[in-house]
Chemist: 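The structure follows.
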Protein chains: 2
Amino acid sequence: MTVLDVDPYARACPSRQLLDRIGDRWTVLVINALEDGPQRFSQIARRVDGISQKMLTQTLRALEADGLVERTVYPEIPPHVEYELSALGRSLLEPLGALITWAVENLGAVQSSRERVAAS
Amino acid sequence: MTVLDVDPYARACPSRQLLDRIGDRWTVLVINALEDGPQRFSQIARRVDGISQKMLTQTLRALEADGLVERTVYPEIPPHVEYELSALGRSLLEPLGALITWAVENLGAVQSSRERVAAS
DNA sequence: CAGTATCCAATCGGATACTG
DNA sequence: CAGTATCCGATTGGATACTG
């Protein structure tokens, strides 16, 4: 199964297909990097700290396959490729933002809970 | 690194810690199973189709460590253990629900995009 | 610049067997 | 009933080298 295939367990809950993508280590960070507008491959790589070339390519391909990101190639030398959120991708920003807001607001509570558990 | 440890890349974006958890194959399904109130281990196992004993245990331990789920042991024979969402866990239901709603509403668009890609 | 190809160590997770 | 322990095949993802 590649990243473009569909998980067999997704049948149990259709939203799994999207949540799996969102849960990818890099997906949300890449979407975040694209919030400000079109970006080149190397720009995204610089913005998303720690991502490898392989994973950036894989993540972008998956987002493109899902129709969340659009890829534009400018036929120049050296190559010039830009990625930007599609309308569908931008529509994801709102619910995703709500979740991230929740995460930021409740991170302290979760962390202190984790510390209590780690200490015991 | 166990499921209870913190990902080194989380530093780049604190919300990663929560998104990683949400992205777990089973986490959202388990939270979903607990929406209706306290459930026993075996009840959750039956509700979450396809989950193994190992992964259910692991998922519940992680949710408990994060303070999202509370575990109550009734000292009986045979053992009786109930899991329920904490107040923090219930507060997650709203933003998570918004994301799932988006996923359900846009699943068609994503799937047809995937099919276009698969066909080419 | 924007990738692709390959190798490989680490992690994940299902199956199975066992226990208080 | 509600777990724990162990094995092991499958998947993940970083590092490295190479290319139009």
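In what follows, chains are A, B, ... by sequence order, proteins preceding strands, each numbered from 1.
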Chemist: Figure out the CD/C1' separation between A:Q58 and D:dG14, and round it to whole Å.
Modeler: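 Nearest whole value for this atom pair: 12 Å.
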Chemist: Please name all residues satisfying side-chain contact (heavy atoms from CB on, under 4.5 Å) with A:S52, sequence neighbours left out, ordered by chain then number.
Modeler: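 Expected list: A:K54, A:M55.
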Chemist: Could you list the residues that satisfy side-chain hydrogen bond (donor to acceptor under 3.5 Å, both in side chains) with A:R71, not counting sequence neighbours?
Modeler: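 So A:R71 forms a side-chain hydrogen bond (donor to acceptor under 3.5 Å, both in side chains) with A:Y83.
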Chemist: Once salt bridge (charged side-chain N to carboxylate O under 4.0 Å, His left out) is applied, what residue pairs with a partner in residues 85-113 of chain B remain, sequence neighbours excluded?
Modeler: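 Output for this query is empty, none listed.
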Chemist: May I have the distance from B:K54 (atom NZ) to C:dA17 (atom C1'), rounded to whole angstrom?
Modeler: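 These atoms are roughly 14 Å apart.
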Chemist: Determine the minimum heavy-atom distance between A:R21 and A:T27, stating which atoms define it.
Modeler: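 So the minimum-distance heavy-atom pair works out to O-OG1, 2.9 Å.
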Chemist: Would you say D:dC1 has OP1 or OP2 under 4.0 Å from some side-chain N or O of B:R46?
Modeler: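 No, no such contact exists.
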Chemist: Using a 4.0 Å cut-off on heavy atoms, which residues in residues 35-45 of chain A reach DNA chain C? List them by number, or say none.
Modeler: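 When residues 35-45 of chain A is checked for heavy atoms under 4.0 Å from DNA chain C, the hits, listed by number, are A:R40, A:F41, A:S42.
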Chemist: Starting at CE of B:M55 and ending at C1' of D:dT11, how long is that distance when rounded to a whole Å?
Modeler: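 Taking CE of B:M55 and C1' of D:dT11, I get 13 Å after rounding.
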Chemist: Check the distance between C:dG3's P and A:L56's CG and give it to me in whole angstrom.
Modeler: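 After rounding, the gap between these two atoms is 8 Å.
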Chemist: Quick one: salt bridge (Lys or Arg N to Asp or Glu O under 4.0 Å) partners of A:R40, sequence neighbours excluded?
Modeler: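 For A:R40 there are no salt bridge (Lys or Arg N to Asp or Glu O under 4.0 Å) partners, ignoring immediate neighbours.
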Chemist: Can you check nucleotides 18-20 of chain C for protein contacts, nitrogen or oxygen pairs under 3.5 Å, and list what you find?
Modeler:
none

Chemist: Rounded to whole Å, please give me the gap between CG in B:D24 and P in C:dC12.
Modeler: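 Between P of C:dC12 and CG of B:D24: 9 Å.
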Chemist: Taking any heavy-atom pair under 4.0 Å as a contact, classify B:Y83: base, sugar-phosphate, or nothing.
Modeler: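 Answer is sugar-phosphate: B:Y83 comes under 4.0 Å of backbone atoms only.
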Chemist: Nearest-Å distance, CD1 (A:I51) to P (D:dG13)?
Modeler: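 Those two atoms, CD1 and P, are 10 Å apart.
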Chemist: Between B:R61 and D:dT4, does any side-chain N or O lie under 4.0 Å from OP1 or OP2?
Modeler: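 Yes, within the criterion.
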Chemist: Side-chain N or O of B:R71 less than 4.0 angstrom from OP1 or OP2 on D:dG3?
Modeler: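 For D:dG3, OP1 or OP2 has a side-chain N or O of B:R71 closer than 4.0 Å.
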Chemist: Taking only residues two or more places apart in sequence, or in another chain, which ones meet A:A103 in a side-chain contact (heavy atoms from CB on, under 4.5 Å)?
Modeler: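 A:A103 satisfies side-chain contact (heavy atoms from CB on, under 4.5 Å) with B:S15, B:L18 only.
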Chemist: Mind checking side-chain hydrogen bond (donor to acceptor under 3.5 Å, both in side chains) for B:S91 and listing every partner two or more places apart, or none if nothing turns up?
Modeler: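 Expected list: A:W102.
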Chemist: To the nearest 0.5 Å, tell me how far A:L19 CG sits from B:L99 CG.
Modeler: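 Reported to 0.5 Å precision, the distance equals 5.5 Å.
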Chemist: Name the atoms and distances for all side-chain donor-acceptor pairs under 3.5 Å in residues 31-39 of chain B, with sequence neighbours left out.
Modeler:
unit_1 : atom_1 : unit_2 : atom_2 : d
B:D36  : OD2    : B:R47  : NH1    : 3.2
B:D36  : OD2    : B:R47  : NH2    : 3.1
B:Q39  : NE2    : B:G37  : O      : 3.4

Chemist: Do B:D20 and A:R25 sit within salt-bridge range, that is, some charged N less than 4.0 Å from a carboxylate O?
Modeler: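 No.
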Chemist: If you look only at pairs with a residue in residues 45-78 of chain A, which of them pass as a ring pair (Phe, Tyr, Trp, His ring centres under 6.0 Å), with sequence neighbours excluded?
Modeler: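 Listed by first then second residue: A:Y74-A:H80.
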Chemist: Can you check the B:R25 CZ to D:dT12 C1' distance for me, whole Å?
Modeler: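 Interatomic distance, CZ of B:R25 to C1' of D:dT12: 12 Å.
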Chemist: Just how far, in rounded Å, is C1' of D:dG3 from NE2 of B:H80?
Modeler: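 Atom-to-atom, B:H80 to D:dG3, this comes out as 15 Å.
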Chemist: Roughly how bent is the helix from C:dC1-D:dG20 to C:dG20-D:dC1 end to end, in steps of 10 degrees, with each end axis from five pairs?
Modeler: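 Computed angle between terminal axes is 50°.
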Chemist: Compare every heavy atom of B:A65 with every heavy atom of A:S113, then report the nearest pair and how far apart it is.
Modeler: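 Answer, listing the atom of A:S113 first, then B:A65: OG-O, 2.6 Å.
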